[in-house]
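Everything on this sheet refers to the single structure shown next.
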Amino acid sequence: MYRKSALELRDLFLEKKISAVEITNYFLKRIAKFDKDLNCFINVLSKRALNRAKELDEKLKNNQPIGKLASVPLVIKDNMNIKDEITTCGSKFLTNYKAVFNSTLVELLEGEGAIILGKTNLDEFAMGTSCENSSFFPTKNPWDLSCVPGGSSGGSAAAVAARLIPISFGSDTGGSIRQPAAFCSIIGYKPTYGRVSRYGLVAFGSSFDQIGPMANSIDDIALIMEVIGRHCNKDSTSLDLPKESYLDNKKVSFENIKVGVPQNFLKDLKPGIRQNFDNSLKILKDLGAKIIDIDLDILKYSIAVYYILATAEASTNLARFDGIRYGKRSKNAKTLKEIYELSRDEGFGAEVKRRIMLGTYVLSAGYHDAYYKKAQKVRTLIIQAFEKAFSVCDFVAMPTTPSSCFKIGAIANPIEMYLQDLFTVSANLAGLPAISLPSGFDSNNMPLAFQLSAPALQDVKIIQHANIFEKAIKSNKIPPLFDKEHL
Ligand code: GLN
C-alpha cells in the first residue's frame, strides 16, 4: 500500500476495497516502525486520526458525500494549527502551546475528507535549511541516515520520501518546501503568494510565507491544490480568484513553450549539478520546449536581500512571544522585564535569536535606510527582472539547490548555510509559484532536483507542465531502507 498515491488510496476507499480505518492503521504502523530511524514526527495523532477514520467509514456506509480527499492520509508541519492540539513550531518556547483554532488549511483538508496522522519536525520557527535547528531532534534523510533531509520542512519531506505517508504539507518562506523536497527526491510545490491561506500558520516572514503540498506523485499535488488553492477571508493577502482545474491536463504540452535559463547567474554550478540540470533541460527540449537564455544576474543579491527582509519580518512577528500570551514563561522571572527577557532567552534557540537580532538591527533607526529600505528597493528590482524575463519566456528553470544533501553537522557556519538558499529565495522575493521536481541522483546516489518557476497566478500552468516533465523523467525511486513492508 505504501507505493500507492493519495488518489489511488481515495479510489480504493470509495470503491469499498479498503476502509478508512485500515488505511489509517496501515500508515500509523509504518510510522511506528520506521520513524524511530528518521525522527520525522513531533506528534503522531493516532487517536484523533482513528476517530476520524471511523466517522468516514460510517459516512461511506450511509452513502453520505465525503469529498475530494476521502480517506486520504496526510501530515502537516508543526507550525500550522490543529484546534486543541499542540503547535510547537519546533521550539521549546511552544512545547505546551495548544492551538485554540484550526488553520484554514486544516479546515479545507478535513472538509474534503482527509485524515491528519501527525505533525512533523522543522527547524525552529521554520528558520533553517537542514532541520538541525529543531529544538527537539534532527530529522534524518531516508536516502542516507547520516545526512540532513533539508529544511525547514524536513520532517514533512522525509516522511513522504520514506512512504510513511503519501502527502505532507510544508511552509515556504525562502525554499522550505522545495529544498527539502529536493534533498529527499520528492515533489515540493510553493504556490503563488496569496494562493493558499496563511491563517493558522505561525508567521515567520509574512510577505514571503506560503503553505504548499509535498508528495511523490504530481497528480497528488494537483489534487491538493484543487482543495487548498482557495480564497480565505481570514487572510488579508489571500487572493480571490475563479476556480481552476489542476488535474485536467489532456491538452497541455511543451510545444510552443519557452523555458528561460539564467545562464550567467548559473555559471558557477558544481559539475554534478550542472550535468543533471543540463540533462533536465534536454528532457524539456525533447518534449518540445524551446530553451532560451535570460538575464537574471540581479539574483546574485537575492540571499542578502532575503536575509535582511525575512529577518526584519521575523523580528516583529516573533515579538508576540513575550512570556505572557503564548507558551513559555520563565520560572526565574521576578519582574515584568524579566518575564520578557528570561522567557525569550530560555525559550528560543541560537538561530532564532540570531535572526531576531539581525532583524531588529536592520530595522533600527540608524540602519533602517541603509539596510531595510535598500533591500526593499532591490526586491522591487528582482520583481521587475522576473517580469522582464517572463515577457520572453513561460517558465524559468534553475536547479533547486547548489549541492545535494550534506552530512548532519557538516555546515556549522550560518552564512554557509544561508548560501544553500541561493536558487529558492527568489521565488519568495517575487511571490512566484515554483516547483521542485526530482531529476535523478549524483555520483554518491543522493537525490538532485530541477526547479521551474512561473509568473504569479500561473499555478495551474506550472503544475500541468510539471506533470509532463515528471512523467517523462520517471524518477519515483524509493529509498531502499524503506522500500519494504513494515510488518
Ligand atoms: N532556509 C531559509 C531560511 O532559513 C528558508 C526557510 C523557510 O522557507 N522557512 O530562512
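Because the structure is predicted, anything quoted here is derived from the model rather than measured. In each ligand, atom 1 is the first atom listed, and ligand 1 is the first ligand listed.
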Can you see whether F208 has R379 sitting over its ring - NZ or CZ less than 6.0 Å from the centre and within 45° of the normal?
yes
Holding to side chain to side chain contact (heavy atoms under 4.5 Å, CB included), I want the full list of residues that pass it with D84, two or more places apart in sequence or in another chain.
none
Taking side chain to side chain contact (heavy atoms under 4.5 Å, CB included) as the definition, give me every residue that meets it alongside Y2, ordered by chain and number, with sequence neighbours left out.
Y26, R30, R163, I478, D483, E485
D172 pairs by salt bridge (Lys or Arg N to Asp or Glu O under 4.0 Å) with which of R195, R178, K77?
R178
Pocket residues around ligand 1 (non-hydrogen, under 4.0 Å) come out as A126, M127, G128, T129, S152, D172, T173, G174, G175, S176, F204, Y306, Y307, R355, D421
Residue of the set F27, F482, F41 for which ring-ring contact (aromatic ring centres under 6.0 Å, His included) holds with F34:
F482
Salt bridge (charged side-chain N to carboxylate O under 4.0 Å, His left out): pairs with one or both residues in residues 145-159, sequence neighbours excluded:
none
